Colleague: 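Before I ask anything, here is the structure I am working with.
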Amino acid sequence: MHFGVDYYPEHWPEERWDQDAKMMKDAGFNTVRLAEFAWSKIEKEEGEFEFSWLDRAIETLSNQGMEIVLGTPTAAPPPWLTENHPEVLAVNEDKQVMKPGHRRHYCVNSDIYREYTETIVSRMAERYGDNDRVIGWQTDNELGHPVCYCEDCREKFLSWVRKKYGDLTELNSRWGTTFWSHEYTNWSQIPLPNDNPRKGPNPSLHLDYKRFFSRSTVEYNKLQVDILHKETENQWVCHNFMPHFPNFDHFDMAEDLDLATWDHYPTEIRESYQEVGAGHDLTYGFKGKPFWVMEQQCSYLTRDKLTPAPRPGEARMWTYQSIAHGAEGIIYFRWRPCRFGDEQFHGGVLQHDGSPKSPMYQEIKSVGRELEKIEGAISGTKVEADVGIYYSFEQNWSMETYRYHSPTDYKKEIMNYYSALFDANVNVKFVSRKSDLKELKLLIVPVLPMVDESLVTKFENFVQRGGSLVCTYRAGIKDFDNHVTEKTFPGRLSDLFGIEIHEFSPIEEKPEVTLAGFEDVEKTYPARDWVDCLQPNEARSLADYDEGWPAEKGYAGVTENNYGDGTAYYAGLSSNQDFYTDFVSYLLEQSGVEPILSGDKGVEVRKRINPETGEELIFVVNNSSKSKYVQLSGEFEELLTSKAVSGNDEVDPFGVMILNRV
Ligand code: GAL
Ligand code: ZN
């Protein structure tokens with residue numbers, strides 16, 4: 001287990017470093033991330049490299065047993081660079097040039113910026129590529145913004161488009177340019193999506209710009225990864241994702257990386273631990289293997305305003321929640337709050353005074369002791385799941401590039417299903433178009449406007465072989481050019497779901513339309529945001545609309561279709577959490593997926609498995625500040641306390657249990 005902290009030695013007098021390193025060791029830390037914002041300190045003026053301070057910092061830390069992760073510092077270019085080359089500055093959607101003074105103000109497509117990137121990354125890699133204390137690298141920092149519309153981007157977009165379509169006849173047809181007289185007769189006429197200040201650029205062009213900018217970001221990252229792979233020995237390369245950042249396809253980027261990591265700041269969402277869980281599971285999904293939390297919150301944060309400090313035991317709970325979802329590295333952000341700069345009141349393990357009396361230092365120190373105890377049991381374990389959620393950045397772009405699709409917020413609809421699964425205490429994994437689905441019993445595909453033959457075949461095969469598949473409203477309405485299908489909705493998915501849709505509508509007033517179901521459940525659920533009116537062919541209705549015009553016309557709201565050895569479910573509406581809870585519980589039962597354990601709401605239950613022995617470790621995490629109960633079906637050993645436990649057991653506020661069945 002890698003356990004450590006993000007440290008900025010450049011912010012503190014060198015005389016303090018040794019004391020910091022010793023205190024880190026005392027806390028049980030073994031890993032430190034350094035340098036991801038230290039460009040101006042490493043290269044003070046163009047070509048003047050100064051590594052000796054970083055050498056000494058690495059040495060001081062490794063003398064106390066720390067292993068080092070180095071960040072490449074490209075998220076914040078130094079002022080000499082942007083002064084000499086203002087053309088590297090990004091241009092935002094409103095055509096404003098982003099000036100220096102903050103961070104992330106460069107364009108990933110700037111050739112000049114790419115050259116400077118190559119230089120700084122190569123020089124760092126040459127310097128530390130064979131340093132045996134350096135175990136790995138982080139590229140940049142939280143890539144994904146700003147989306148840029150500068151002249152370099154325009155030029156590269158044009159060549160990307162030319163390569164994709166070959167000739168203008170093809171482009172005109174795939175972009176539907178006969179609409180409003182957009183037919184291009186020369187490549188130079190092609191606009192960027194923000195060229196016209198009116199909202200609503202051509203949805204096909206806009207989707208292509210999203211794809212192009214995603215590619216550009218992935219390419220920029222790969223430029224760094226390739227240098228690091230070439231110039232270093234036995235060191236891995238990762239990036240610290242913000243998993244839901246929509247502007248690039250994280251699954252694509254992860255293919256180039258050795259490890260996926262994410263930055264985890266739960267305070268803002270502590271009312272909904274489901275979102276934290278989804279962040280972990282999505283990061284796991286990017287590479288389909290254990291991940292690191294590269295920045296784990298452990299204090300108050302600087303956001304619009306200062307966020308509340310974690311309550312006693314809460315940061316410990318966050319740590320175990322991360323581990324429960326498959327983290328094998330936990331790095332707290334940050335060691336000590338900086339006395340200056342924008343984040344001077346962003347807390348850390350220590351307070352500004354650097355004293356070991358910091359309550360968070362004491363809390364984390366005790367976590368360090370505990371981790372030593374459970375290290376053996378966790379090591380080599382991974383997360384497996386019977387239930388998957390299909391996650392696609394591209395499908396989200398299709399929604400974003402055409403505002404009249406439906407009021408669906410991609411993440412919100414994903415979270416509606418994820419939250420119900422989270423509360424049902426089952427492991428969930430996120431899968432992408434490239435994933436092998438064969439291990440899954442149940443796959444939920446929350447928003448899927450665009451389909452093509454190969455995607456439909458992938459889903460049909462999954463169901464044919466016995467899987468349960470769920471699609472939701474507005475599925476299959478488009479092709480990958482962002483054009484609406486000419487088939488009856490849900491287009492190419494009609495056979496699989498055994499339904500036809502001839503009517504649909506956004507829902508503005510609730511509960512204008514309600515749904516009754518499922519099976520023996522005597523409840524009604526309000527339709528929210530949208531209704532697809534389902535007309536079953538081979539399918540049968542699982543839940544009918546029971547109020548409003550869809551009910552008068554006898555439409556179904558949710559259907560179930562036997563297809564091959566499996567079942568395809570279609571949910572034609574968005575509703576309240578009660579609906580998702582009941583629907584998901586029906587789906588789990590039908591597909592034979594059992595909860596790991598049952599417990600009060602607010603108690604999270606997850607498991608990790610040792611793939612060699614098949615042994616399972618069950619994590620019970622109380623996300624709340626109140627005592628909760630969990631039903632232990634059988635006899636268990638609790639690893640943190642080494643006690644035997646069974647029956648209806650109390651979990652302390654923010655408490656954690658790690659269980660081994662005996
Ligand atoms: C992260 C970022 C860090 C720091 C932190 C503050 O998103 O990577 O550098 O700014 O937020 O919460
Ligand atoms: Zn640009």
Side-chain angles (χ1 to χ4, degrees), residues 5-8 10-11 33-39 69 71-77 82 85-93 95-98 102-114 138-160 192-194 209 212-217 219-220 238-245 247-248 261-269 279 292-307 309-310 315 318 331-338 341-349:
V5 74
D6 298 308
Y7 183 46
Y8 300 90
E10 67 273 28
H11 297 170
R33 183 192 65 177
L34 297 176
E36 86 282 11
F37 290 112
W39 196 339
V69 178
T72 67
T74 49
T82 48
H85 298 285
E87 52 299 15
V88 307
L89 295 169
V91 175
N92 73 10
E93 201 180 340
K95 305 215 159 185
Q96 266 173 328
V97 181
M98 298 181 71
H102 206 264
R103 58 178 174 179
R104 302 221 60 78
H105 45 287
Y106 70 90
C107 168
V108 289
N109 277 318
S110 157
D111 286 328
I112 297 177
Y113 200 71
R114 287 186 180 192
Q138 171 192 299
T139 54
D140 203 280
N141 191 76
E142 295 179 351
L143 283 164
H145 62 105
V147 176
C148 182
Y149 303 85
C150 72
E151 287 311 305
D152 281 338
C153 285
R154 184 185 299 275
E155 199 182 300
K156 287 192 176 169
F157 179 57
L158 272 192
S159 39
W160 184 90
L192 295 193
N194 67 332
Y209 200 76
F212 156 76
F213 205 80
S214 173
R215 249 303 119 210
S216 308
T217 309
E219 219 176 74
Y220 176 73
C238 76
H239 178 67
N240 57 335
F241 291 108
M242 291 298 273
H244 295 285
F245 268 12
N247 296 332
F248 70 95
T261 79
W262 79 295
D263 295 346
H264 170 216
Y265 291 96
T267 295
E268 293 156 287
I269 50 176
W292 284 29
V293 177
M294 195 54 98
E295 296 181 10
Q296 170 96 51
Q297 183 186 345
C298 62
S299 185
Y300 46 87
L301 312 175
T302 46
R303 292 297 185 257
D304 290 342
K305 50 186 187 199
L306 209 61
T307 69
W318 292 335
I331 309 295
Y332 296 98
F333 188 89
R334 51 189 285 152
W335 175 242
R336 182 175 172 183
C338 197
D342 182 60
E343 291 182 347
Q344 55 184 261
F345 258 106
H346 190 298
V349 176

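In this chain, residues are counted from 1 in sequence order. Being a predicted model, the structure only gives us computed values, none of them experimental. When a ligand or atom number is given, it counts from 1 through the structure's own listing order.
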Colleague: Check ligand 1 against F37 and write out every atom of the ligand that is under 4.0 Å from a heavy-atom position of the residue.
Modeller: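 The atoms of ligand 1 under 4.0 Å from a heavy atom of F37 are 9 (O).
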Colleague: May I ask you to identify the nearest protein heavy atom to atom 5 (C) of ligand 1, giving residue, atom name and distance to one decimal place in Å?
Modeller: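 The protein heavy atom lying closest is Y265 OH, 3.3 Å.
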Colleague: Is ligand 1 under 4.0 Å from a heavy atom in the side chain of Q297, in the backbone, in both, or in neither?
Modeller: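 No part of Q297 is near ligand 1 at this cut-off.
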Colleague: Quick one: does H264 get within less than 4.0 Å of ligand 1, heavy atoms only?
Modeller: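 Checking ligand 1 against H264, which is what was asked, there is no heavy-atom contact under 4.0 Å.
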Colleague: Measure the acute angle between the ring planes of Y149 and Y209, then classify it against the limits of 30° and 60° as parallel, tilted or perpendicular.
Modeller: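 The arrangement is parallel - the two ring planes meet at less than 30°.
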Colleague: Given R103, H346, E142, identify the one with the heavy atom nearest to atom 6 (C) of ligand 1.
Modeller: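 Considering heavy atoms of R103, H346, E142, the nearest to atom 6 (C) of ligand 1 sits in H346.
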Colleague: Is the closest side-chain donor-acceptor distance between E93 and N194 under 3.5 Å?
Modeller: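 Checked: E93/N194 side chains show no N/O donor-acceptor pair below 3.5 Å.
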Colleague: Does R33 use its side chain to pair, donor to acceptor, with the backbone of G71 at less than 3.5 Å?
Modeller: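 Checked: no pair found.
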Colleague: Heavy-atom distances under 4.0 Å are what count here, so tell me which part of M242 touches ligand 1: side chain, backbone, both or neither.
Modeller: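 It is neither part, as no heavy atom is under 4.0 Å.
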Colleague: I need the atoms of ligand 1 closer than 4.0 Å to a non-hydrogen atom of R303, numbered in the order shown.
Modeller: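 This gives 6 (C), 12 (O) as the contact atoms.
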Colleague: If I take the Zn ion (ligand 2) as the centre, what angle separates the SG atom of C150 from the SG atom of C107? Nearest 10 degrees is fine.
Modeller: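 That angle works out to 110° after rounding to 10°.
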Colleague: Answer with side chain, backbone, both or neither: which part of E36 has a heavy atom less than 4.0 angstrom from an atom of ligand 1?
Modeller: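 Within the 4.0 Å criterion, E36 makes no contact with ligand 1.
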Colleague: Can you classify the ring geometry of Y106 versus Y113 as parallel (below 30°), tilted (30 to 60°) or perpendicular (above 60°)?
Modeller: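 Answer is parallel, since the angle falls under 30°.
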Colleague: Counting heavy atoms only, which part of T302 comes closer than 4.0 Å to ligand 1: side chain, backbone, both or neither?
Modeller: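 No part of T302 comes within reach of ligand 1.
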Colleague: Got a donor-acceptor contact below 3.5 angstrom from the T307 side chain to the L301 backbone?
Modeller: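 Side chain of T307 to backbone of L301: a pair is present.
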Colleague: Ignoring hydrogens, just give me the one of R334, M294, E295, E343 whose non-hydrogen atom is nearest atom 10 (O) of ligand 1.
Modeller: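 Among R334, M294, E295, E343, the closest heavy atom to atom 10 (O) of ligand 1 comes from E343.
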Colleague: Using atom types as modelled and distance alone, determine if a side-chain donor or acceptor of R334 lies under 3.5 Å from a backbone N or O of R336.
Modeller: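 Such a contact is found between R334 side chain and R336 backbone.
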Colleague: Taking only heavy atoms of D263, which atoms of ligand 1 are found under 4.0 Å from at least one of them?
Modeller: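 Those qualifying, in numeric order: 8 (O).
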Colleague: Find out whether P146 and M98 are in side-chain contact, i.e. whether some heavy atom of one side chain is under 4.5 Å from a heavy atom of the other.
Modeller: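 When only atoms from C-beta onward are counted, M98 and P146 do touch, with a gap below 4.5 Å.
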Colleague: Has the side chain of D263 got a donor or acceptor atom that lies under 3.5 Å from a matching backbone atom of M242?
Modeller: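 Here the side-chain-to-backbone pair does not exist.
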Colleague: Answer yes if the side chains of T302 and H346 hold a donor-acceptor pair under 3.5 Å, and no otherwise.
Modeller: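 No, because no side-chain N or O of T302 sits under 3.5 Å from a partner of the opposite role on H346.
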Colleague: Relative to ligand 1, is Q138 under 4.0 angstrom through side chain, backbone, both or neither, heavy atoms considered?
Modeller: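 Neither part.
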